[in-house]
Number of protein chains: 2
Amino acid sequence: MSRPPTIKDVAERADCGIATVSRVLNGRGSASAQTRQKVFAAAAELGFEFSPLGRSLQSNSTRTIGCIVPSLANPVFAEVVQAAQTEMLRQDYQLILACSDYDEGLETKAIRTLLSKQVDGLIVTVSDAQSSAGLDLIRARSIPCCLIYNRPGNGLPSWTVDNVGAAWAVARAFAKHGHVHTGFLALRFKRSDRSRERYEGYVAACTSLGMSRPSLLEIEEQEGNLLELLGGLLAENQNLTGIFASNDYLALAAMKTARGLGKTVPGDLSIVGFDGISTGLMVEPNLATVITNPQAIGRGAASTVLAQLTGAAAPEQPDPAETFSFRSGGSLASPGPDRPDDGEAVTPPSSYQQPRSR
Amino acid sequence: MSRPPTIKDVAERADCGIATVSRVLNGRGSASAQTRQKVFAAAAELGFEFSPLGRSLQSNSTRTIGCIVPSLANPVFAEVVQAAQTEMLRQDYQLILACSDYDEGLETKAIRTLLSKQVDGLIVTVSDAQSSAGLDLIRARSIPCCLIYNRPGNGLPSWTVDNVGAAWAVARAFAKHGHVHTGFLALRFKRSDRSRERYEGYVAACTSLGMSRPSLLEIEEQEGNLLELLGGLLAENQNLTGIFASNDYLALAAMKTARGLGKTVPGDLSIVGFDGISTGLMVEPNLATVITNPQAIGRGAASTVLAQLTGAAAPEQPDPAETFSFRSGGSLASPGPDRPDDGEAVTPPSSYQQPRSR
DNA sequence: AGCCACATTGGAAACGTTTCCAACACCTAT
DNA sequence: ATAGGTGTTGGAAACGTTTCCAATGTGGCT
């Protein structure tokens, strides 16, 4: 049970200096065929592997990327993280994960910790990209960093969804079906600039399309039962014929709640979600929603960071209009007597289609 | 933009040796009040922080735990990982994540990589805990490791659900409602010993409760459309009145598919899931399922590994019977004309209740 | 005065790498 | 034969820590 062999052991066994071993095994510098032979043999016999620690100390790089997301409970982030991890693995980098739980303090603390851990780069979602103590720290160290789901800004690139464009698409869909009074439903509105972007885009779109200004249905914090809170909100807003929820989970909850209040969906209330999680297709009626591609975002963000590290060309970001596609579904129809849409899916742009695997 | 200050810089500024700085800042060994004062001042002025790299090299510990799960697309694993990460953060450890994508080869490779990265411990789900090349590697290095969702074995502890017990509970529920011919629905059966345990427990329970031996409805690989594959399976098994799905997502898909075939749920077909994901409560009828507590499992596994590292007492695992609770729901009722259950939830044991936050 | 115990301190080794550089051997063109 | 090149090689420094150990200083005791 001896500790793993070091380069010194190999050198000894191959009867040469450690510098030579390093050169041979790393394939740089010169070495005679015979020496190479001996070194390889010795390394193989001992089962030698370089210690990343010694290496990191020397090279000042850890082959490690930090990743901070609000929560993995949101399947969108779970998919992003998995895709990023997969991409990084391909390039032999490791991913260190931290969750900020939508808390700006934790967020900053996590960034600080990861920075001190000497990560080579970061992939982060912050609650507000325009003013974030954590991002300031990152910029101060000028470490490769890519945002996800945040508005790009302050010199940091971001892979995200065109929230404003998507909100317009939703507004147009509501308008097409003749809705006038609709609402925007959000959870933790204050802590997510994504949500705010969607809301602002939606307000602009609605007013500009001749609908009334959408109400904001906001759930501050999820203390207690989400369904109850929703019930209260919906009851207070009986005049609305449509609701745009800032994510699919909320949308599903809203459908459930509406039914509980004796309303039919979409007859009494139309509902549109955001994200395109696959469960939206399991309910009756199908959930109309904005389909996004977390996998492409995760992969893209990872490549962007790695490119900065390796000097490769940064991957090109898709056209904003390709970052989402609207999926119609039975949950959206004209207000009034039930006349459900058939829920046929709009085909998303092929290059950006999401392979759903579970 | 000079590089971060090192202990040497602090020593110089405080006009003392680096050994002294190390002692003072780490609070071990003695130092005069005056020296302490100077060192603290110097460190503060420079904004000094220890480099974990140098430290690790010296101490042979990285304060890093590897975590390998099949996929984050499964919300159960996403929650487990998040809970583990949170617990580790509390003790100032980092989590390195890898996904095996249900592939035993990738699984082993990931373990190998993490081991060479010098993680201090591992939290792993493998596809077969009884014969796993990766686990052998771990044991050979005798590194702290805790399994999740695997049967404990070969000396490795595991936090998991009592799959067999849960399967019995499901069988009893079906039996109580008078079902005789039921099936077990699984995806990637071969690659998950969890699924197999549930199936075996279910078979044993059914036969022992006087029901017929359940059919195995298996989806090998999800090439193509899950709903279509399911449609085929359900069509081939028209005689069944109930289906126990090995996870909630499958259960929801089965509900959807059944409706597509013109069957009512639960009238023509009762369905029970596994996991207790919150979306199960958003559909109509509510999904009957086995509720589990991924958060407790993640937290527990993390504590178990950390305890081995710090020498603390390992946290006690809950009684197997407390690792799950059966939740009745509208998707399960007596076969025949629709007479839906009201779907009232069974209260899980209080100490093991899951706070759902999203 | 002499001695010992004890607190404080810093030099140096060790952890496992990479890389600079000097040393050396060998070969070839003058 | 000699100078100059080329290809191999290993010693040593550097990366940032911790910790052993020896050296120094201080005080109290007989």
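Order of the sequence lines fixes the chain letters, A, B, ..., with proteins taken first and strands second; residue numbering starts at 1 for each chain. Note that the structure is a prediction, hence the values are computed from the model and not measured. Only heavy atoms go into these numbers, but all of them, side chains included; no hydrogens, no water, no symmetry mates.
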**OP:** Mind grabbing the angle between the end helix axes of the helix from dA1(C)-dT30(D) to dT30(C)-dA1(D)? Five pairs an end, 10° rounding.
**Re:** 70°
Original post:
Of V305(A), T62(A), V119(A), L309(A), which meets side-chain contact (heavy atoms from CB on, under 4.5 Å) against Y93(A)?
Top reply: L309(A)
Original post:
At under 4.0 Å, does any side-chain N or O of S59(B) touch on OP1 or OP2 of dT18(D)?
Top reply: no
**OP:** Identify whether any heavy atom of S51(B) sits under 4.0 Å from a base atom; if not, whether one sits that close to sugar-phosphate; answer base, sugar-phosphate or nothing.
**Re:** sugar-phosphate
Original post:
Can a side chain N or O of R3(A) be found less than 4.0 Å away from OP1 or OP2 on dG16(C)?
Top reply: yes
**OP:** Say whether Q82(B) and S71(A), considering side chains only, have a donor N or O and an acceptor N or O under 3.5 Å apart.
**Re:** yes
Subject >> Pair R191(A) + E104(A), salt bridge at N-O below 4.0 Å >> reply: no
Original post:
So, is T35(A) near the phosphate of dT9(D), with a side-chain N or O under 4.0 Å from OP1 or OP2?
Top reply: yes
Original post:
Any side-chain N or O of S32(A) under 4.0 Å from OP1/OP2 of dT9(D)?
Top reply: yes
**OP:** Start with the C-alpha distance between N293(B) and R299(B), add both sets of side-chain angles, then the distance that settles side-chain hydrogen bond (donor to acceptor under 3.5 Å, both in side chains), and finish with yes or no.
**Re:** CA-CA 10 Å; N293(B) 191 340; R299(B) 206 180 326 122; 5.4 Å; no
Can you give me the N/O atom pairs linking the protein to nucleotides 19-26 of chain D at distances under 3.5 Å, or say none if there are none?
{"unit_1": "dT19(D)", "atom_1": "OP2", "unit_2": "R28(B)", "atom_2": "NE", "d": "3.2"}

Original post:
What nucleic acid atoms does G17(A) come within less than 4.0 Å of, heavy atoms only: base, sugar-phosphate, or nothing?
Top reply: sugar-phosphate
**OP:** Would you indicate what N26(A) reaches in the nucleic acid, counting non-hydrogen atoms under 4.0 angstrom: base, sugar-phosphate, or nothing?
**Re:** sugar-phosphate
